[in-house]
Amino acid sequence: MSSLRRRLFLILMAATGLIWLCAVAWISFGSRHELEHVLDTRLQEAARMVHSLVMTGERREGAEAPALAGTPSPLSGGYERQLSCQIWSFDGRLLARSSGAPDAVLADESEGFSDREVGGENWRVYTIVDPEKDVRVAVGDRIGLRDKLVRDLVAGLAAPALLAMPLLGLLIWWSLGRGLRPLNRAAEEIAAREGEDMRPVPPDGAPSEIQPLIAALNGLFAKVQAARTHERDVTAFAAHELRTPLAGLKTQAQVALAAGETQMRENALRQIIASVDRTTRLVRQLLALARLDAGAAGQGAEMELGALIRDIADTVPHPPGVVTVVDSDLAHSRRLIDRDTLWLVLRNLQENAVQNMTEGMIHWRLEGADRLVIEDEGPGIPAEELSLVRQRFYRGRKAAGSGSGLGLAIAEAALARIGARLAMANRTERSGLRAVVEFGPGPN
Amino acid sequence: MRILLVEDDPVLADGLRAGLALAGLTVDAVTSCADAQAALAVSRFDAVVLDLMLPDGSGLDVLAALRARQDATPVLLLTALDETPDRIRGLDAGADDYLGKPFDLDELAARLRVLLRRGSGRASPLLTHGDLALDPAMLSVTLNNSPVAVSRREFAVLSMLMERPGVIRSKGELEERLYGWQEEVESNTVEVYVHNLRAKLGRQVIETVRGLGYRLRVPA
């Protein structure tokens with residue numbers, strides 16, 4: 001599990017560390033530069049000072065160059081005796097040197113600054129060449145010593161920072177905890193809920209950063225709630241729709257048992273058979289709807305629309321006066337589509353058309369490439385009911401008794417699954433209903 | 001007894017009409033709220049059997065309209081919505097009883113008899129008058145504790161007269177009780193039934209009030 005707190009902590013610590021590192025690098029580079037400049041100026045001044053002290057012709061002809069003062073203590077802990085000075089004559093004799101200075105030649109022929117390696121150490125040397133006095137004055141200091149200076153400076157700066165790092169980490173960790181507390185509170189509130197509790201989370205008090213999350217959650221709650229309500233409604237309707245025929249069956253059976261007259265008993269038995277047929281169809285449709293609600297469309301397969309429709313027209317029971325006409329161009333229309341789903345749609349449309357007719361023509365045809373049209377010659381649907389007929393269990397006020405009120409709901413749910421739409425309108429040129437299946441622009 | 005049945009399922013309505021007729025009840029069946037309102041406005045029923053989910057609305061609206069008119073006709077709700085909250089809502093809306101689908105035909109008939117008995121203010125399930133006793137549950141009549149065979153319609157006429165002894169019932173009232181809308185009313189049938197009852201129970205039991213109707217003779 002990734003913790004937001006840990007993640008933020010690591011990011012903040014890394015960022016802080018990086019900035020400090022940059023600062024250290026900058027400071028050490030800057031101080032080094034400044035130091036070089038100061039020390040170089042000092043070298044130069046020292047060289048000039050020594051040079052001005054050397055008198056013309058005042059050259060001891062002694063073989064041994066005198067030490068100026070003190071004992072050598074190269075790279076001792078302190079910074080004393082940093083400078084070493086040598087005075088050479090032009091003929092290569094060492095006229096004088098300071099006490100810490102090496103015996104080897106510090107200066108070369110050239111005047112000015114130079115970096116040299118003398119006796120295994122790097123030196124920075126300033127040389128003054130004076131042919132008039134016949135001397136060459138070289139003043140130098142060890143670069144190692146300079147480095148040490150910079151190091152000590154940086155160490156002096158970095159040490160407290162390093163010490164402060166754990167303290168800073170602790171502070172950041174604690175602040176993050178405080179900062180993330182509203183998030184934890186919201187999480188705790190949601191976690192403490194009952195499974196059925198779909199009330200929206202109150203957004204007041206939550207910081208603006210988690211407002212979108214809470215809004216999204218509340219949106220989800222509302223959706224789940226709506227789905228549940230819908231499910232409950234449908235279940236209640238389904239219960240009603242199933243219990244009523246069951247009550248009818250039971251009542252008719254009791255009548256058949258109690259009836260004295262043969263005619264009464266036979267009527268009751270006939271009613272039972274009709275009711276069983278109707279209930280069977282209702283159960284089939286409820287199961288179809290449940291399947292549609294549950295799953296996704298199956299694999300599409302290429303098939304011919306005309307043959308499918310003719311097959312359906314033959315199997316749906318219809319009064320002898322009702323004729324179904326399937327246009328011949330449907331025979332050439334092939335679509336890549338889930339056959340079972342489409343079958344369910346077309347069968348329900350055909351049943352819907354047949355139900356409202358005693359005689360007349362049902363006409364299936366193609367309009368353009370993507371619109372499958374079915375027109376019947378029944379009474380149509382009253383305009384005020386057109387928007388309601390696709391609701392589950394909605395039966396028109398004047399509808400015949402045999403419909404379950406599920407057919408169009410099934411057709412619409414099934415079409416939605418294969419990305420198509422159902423449009424319905426009354427025919428304008430005569431009475432009747434016109435239903436249009438609009439296929440999406442899928443692979444044809 | 002005349003019952004208004006409001007039920008949109010044709011098979012159930014047909015079964016109830018036949019079944020309740022067997023129990024001695026006359027049933028008028030309608031299939032929508034609008035038809036139920038119309039029927040209740042023009043005729044008097046002894047009880048209403050009301051479905052809740054009707055094609056043009058809820059039976060509760062019919063019930064509310066009925067009670068708003070101060071009409072105390074007993075109403076039994078007959079519906080698939082029989083969760084406890086639904087029952088409570090129905091009863092609080094003014095229903096007298098509630099039966100969930102599917103139900104037992106005999107239980108429905110028994111509950112209707114209860115509603116009719118309470119409506120007439122009787123405590124005993126039996127209707128008694130002098131030596132005469134009438135059992136609505138068994139559709140049986142006894143005179144001096146010995147059974148008398150009567151037809152269903154003779155029973156209906158007798159029970160209507162016995163509900164309020166001494167009160168005059170017109171021929172029209174009796175016919176309305178005897179026949180539902182779908183049945184053809186034959187002329188003189190009430191007279192025939194009264195004649196048959198007098199033959200079986202004695203001439204003195206039913207008194208003819210000329211020009212007004214019939215009543216049960218109250219013993220002096």
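Just so it is clear: chains get the letters A, B, ... in the order the sequence lines come, proteins before strands, and each one is counted from 1. When reading the values below, keep in mind they use all heavy atoms of this one structure, side chains included, and skip hydrogens, waters and symmetry mates. Everything quoted here is computed from the prediction, not taken from an experiment.
At least one side-chain heavy atom of B/D14 sits less than 4.5 Å from a side-chain heavy atom of A/N267.
Of residues 100-109 of chain B, those residues lying under 4.5 Å from chain A by any heavy-atom pair are B/K101, B/P102, B/F103, B/D104, B/L105, B/D106.
Using a 4.5 Å cut-off between heavy atoms, A/A268 makes no contact with chain B at all. Of the atoms belonging to B/L16, heavy atoms from both backbone and side chain fall under 4.5 Å from chain A.
Under 4.0 Å is where a charged nitrogen must lie from a carboxylate oxygen, and between A/R278 and B/D9 at least one such pair does.
Separating the CD atom in B/E7 from the OG1 atom in A/T244 is a distance of 5.5 Å, to the nearest 0.5 Å. Atom CE of A/M264 is separated from atom CG of B/L22 by 4.0 Å, given to the nearest 0.5 angstrom.
More than 12 heavy atoms of other residues, nucleotides or ligands shown are found within 6.0 angstrom of CG on B/N144. Open room surrounds CD on A/E359; 12 or fewer heavy atoms of other groups in view lie less than 6.0 Å from it. Environment of CZ in B/R118: sparse, with no more than 12 heavy atoms of neighbouring residues, nucleotides or ligands closer than 6.0 Å. Residue A/E429 places its CD atom among more than 12 non-hydrogen atoms of other residues, nucleotides or ligands, all under 6.0 Å distant.
The two residues B/G15 and A/V255 come nearest to each other via the heavy atoms O-CG2, 3.3 Å.
Here B/T84 pairs with B/I88 under the side chain to side chain contact (heavy atoms under 4.5 Å, CB included) rule; sequence neighbours left out.
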